[in-house]
Structures are given as structure tokens and as C-alpha cells.
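As the structure is a prediction and not an experimental result, all values here were calculated from the model.
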Amino acid sequence: MSQSHSGPEDVVSEPPKSVDVTIEPPKSVDVTSEPPKLVKEVSEQKEAIVQPVPEATTADITMDELEVQLDTMDGVVSNAVLELELAQIPARIKATGDADGHLQDLESSIQLRMAVVGALVGAGTLTIQMYMDSVASEMAQARRWALTAKRSGRNDLAVRALQRMKAMQSELSEMKAAMEAS
């Protein structure tokens, strides 16, 4: 009983074919051209953060629009407000049932916004002074929202706006005290 053995000596090998590889040097960067997309996005985000909400929009806002504004986290900079809203999500889900998943989406939105604001502060794109100015602007907006909601008989929305305002007042007070202590 003989077995045929195919070992390395049975393999016929051909010499490797040559491959032409051309490595091009990186192209020079033109600093006078358009900034990269990420830089533009950060700049736009920074501008959006520090621009106050016009006062005229509050007077004309409907209660449905106000409710949407309170659930929109895009313009929120205050970490205290983001934490407050995040902490209220479980109770709101329990109270409403959240059949369509809106509050779960809101929770994700809040977490994302917290990460974006943290990254902007960490990168130095959003300075402490700009942050404090934005929070002060948000606080004034929350006050206007609370008054508008109260006048319209929507105490639930007025309470939410006042809670935000109180959280921002505490946040600003703590920041000012920390800056004075330094």
C-alpha cells in the first residue's frame, strides 16, 4: 500500500511577477482654500450655541410650539438643564406611557447634546465666558417661556420652564463662585 505524498518538492513554483508600485507624495494643503468640513461644522455649532433666541418669537409662540421647544435640545448649552431633563425622562415615560418612543428619542438627543457641548468646551471652541453668556441667554428665554405659558394657563409648561431657569441660576452661581475663588 503506497501513498502518494505531495510535499513542497512536488509544487512547481513560478517566479513572482513584478508589480509596479508608484507612491505619490501627499498633495500640499492649500491654507487659503475652504476649511475642512469638520472645522466648518464646529464653527457653525459654536455660532449656534452663542446666538440668543430672539425675544419676538416668544410672544408669538403657541403652547404646542412651546412644548416642542422645551423638548428640543439643539440650542441647549446648560449642562444643568440637560441633566435636569435627562433625570425627568423616566418619570415622564411612566406618566405618559411613551407609546411612540418620543421620550426615548429625547433621552438620546439629550445625551448626544451633552457630549457635543462637552467636546466643544474640551476643545476650547466654547470658552467658559461664552458658555456662561449662553446659559444666561437661555435662562432669560426660559423665563419668557414660563411667563407665556402661565398667561396661557399651561402651568405644566410654566413649571418646566421655571425648573430650567432655577437649574441655570444655580449653575451660574456655582460657576461665578468657583471663578472668584480661583
Side-chain angles (χ1 to χ4, degrees), residues 38 41-179:
L38 181 59
E41 289 174 359
V42 168
S43 297
E44 291 167 359
Q45 184 74 296
K46 178 181 170 183
E47 290 172 14
I49 286 173
V50 295
Q51 290 179 351
V53 177
E55 211 170 306
T57 60
T58 304
D60 302 330
I61 198 167
T62 68
M63 290 304 98
D64 289 337
E65 291 170 336
L66 178 56
E67 193 166 11
V68 168
Q69 285 297 317
L70 285 170
D71 280 347
T72 301
M73 295 298 133
D74 293 338
V76 177
V77 175
S78 171
N79 193 56
V81 168
L82 293 168
E83 288 177 351
L84 171 72
E85 291 291 332
L86 191 61
Q88 291 176 347
I89 295 287
R92 289 177 66 192
I93 288 174
K94 192 173 186 177
T96 63
D98 193 32
D100 61 355
H102 165 73
L103 293 174
Q104 292 171 346
D105 291 343
L106 179 60
E107 182 176 27
S108 297
S109 174
I110 293 168
Q111 291 169 340
L112 178 63
R113 187 65 184 167
M114 289 173 90
V116 167
V117 172
L120 289 172
V121 170
T125 306
L126 180 62
T127 65
I128 296 299
Q129 188 58 51
M130 289 169 54
Y131 178 86
M132 290 176 70
D133 292 345
S134 295
V135 171
S137 175
E138 283 179 47
M139 191 168 62
Q141 180 65 56
R143 183 178 187 277
R144 289 189 297 269
W145 284 344
L147 290 172
T148 301
K150 178 70 175 165
R151 288 183 191 127
S152 297
R154 288 293 306 268
N155 290 339
D156 58 324
L157 298 180
V159 167
R160 280 186 64 199
L162 287 172
Q163 287 173 335
R164 282 184 170 198
M165 197 174 92
K166 185 176 178 179
M168 287 184 275
Q169 282 176 333
S170 296
E171 181 179 30
L172 285 176
S173 295
E174 289 173 13
M175 290 180 77
K176 287 176 183 174
M179 290 175 75

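Side-chain atoms of Met179 and Ile128, non-hydrogen and from C-beta on, do get closer than 4.5 Å to each other. Between Met132 and Thr127 there is no side-chain heavy-atom pair separated by less than 4.5 Å. Counting heavy atoms from C-beta on, the side chains of Leu70 and Leu157 come closer than 4.5 Å. Side-chain contact check for Tyr131 versus Leu120: every heavy-atom pair is 4.5 Å or farther apart. Contact annotation: the side chain of His102 never approaches that of Asp105 to less than 4.5 Å [non-hydrogen atoms, C-beta and beyond]. For the pair Gln111/Met73, no side-chain contact is recorded, criterion being any heavy-atom separation below 4.5 Å from C-beta on.
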| field | Pair Leu162-Lys166, side chain to side chain contact (heavy atoms under 4.5 Å, CB included): steps then yes or no | value | CA-CA 6 Å; Leu162 287 172; Lys166 185 176 178 179; over 6 Å; no
| request: Please report the C-alpha distance between Arg144 and Gln141 in whole Å, then the side-chain angles of each, then the deciding distance to 0.1 Å, and finally whether the side chain to side chain donor-acceptor pair (under 3.5 Å) criterion is met. | output: CA-CA 5 Å; Arg144 289 189 297 269; Gln141 180 65 56; 2.9 Å; yes
| Is there a side chain to side chain contact (heavy atoms under 4.5 Å, CB included) between Leu66 and Arg154 once you walk through the steps? | CA-CA 10 Å; Leu66 178 56; Arg154 288 293 306 268; over 6 Å; no
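A donor-acceptor pair is defined here as one N or O able to donate and one able to accept, closer than 3.5 Å; no such pair exists between the side chain of Arg160 and the backbone of Glu67. Formation of a donor-acceptor pair under 3.5 Å by the Arg113 side chain with backbone atoms of Val76 is found in this model. Between the side chain of Ser173 and the backbone N or O of Gln169, at least one donor-acceptor pair lies under 3.5 Å. Distance alone, capped at 3.5 Å, places no donor-acceptor pair between the Gln104 side chain and the Gly101 backbone.
Note that the CE atom of Met168 and the OG atom of Ser134 stand 11.5 Å from one another [nearest 0.5 Å]. Atoms CD1 and CD, on Ile110 and Glu85 in that order, are 5.5 Å from each other to the nearest 0.5 Å. Separation of atoms CG (Leu106) and CG (Leu86) is listed at 8.5 Å; rounding is to 0.5 Å. The structure places CD1 of Ile93 at 12.0 Å from CD of Gln88, a figure rounded to the nearest 0.5 Å. How far CE of Met114 is from CG of Leu112: 11.5 Å, rounded to the nearest 0.5 Å. How far CD of Gln163 is from CG of Leu84: 5.5 Å, rounded to the nearest 0.5 Å.
In summary, of the residues considered (Glu83, Glu138, Glu171), a side-chain hydrogen bond (donor to acceptor under 3.5 Å, both in side chains) with Ser78 occurs for Glu171 alone.
Contact detail for Ala161 and Ala142: the closest heavy-atom pair is CB-O, 3.4 Å. Between Ala158 and Ala149, the shortest heavy-atom distance links the atoms N-CB, 3.5 Å.
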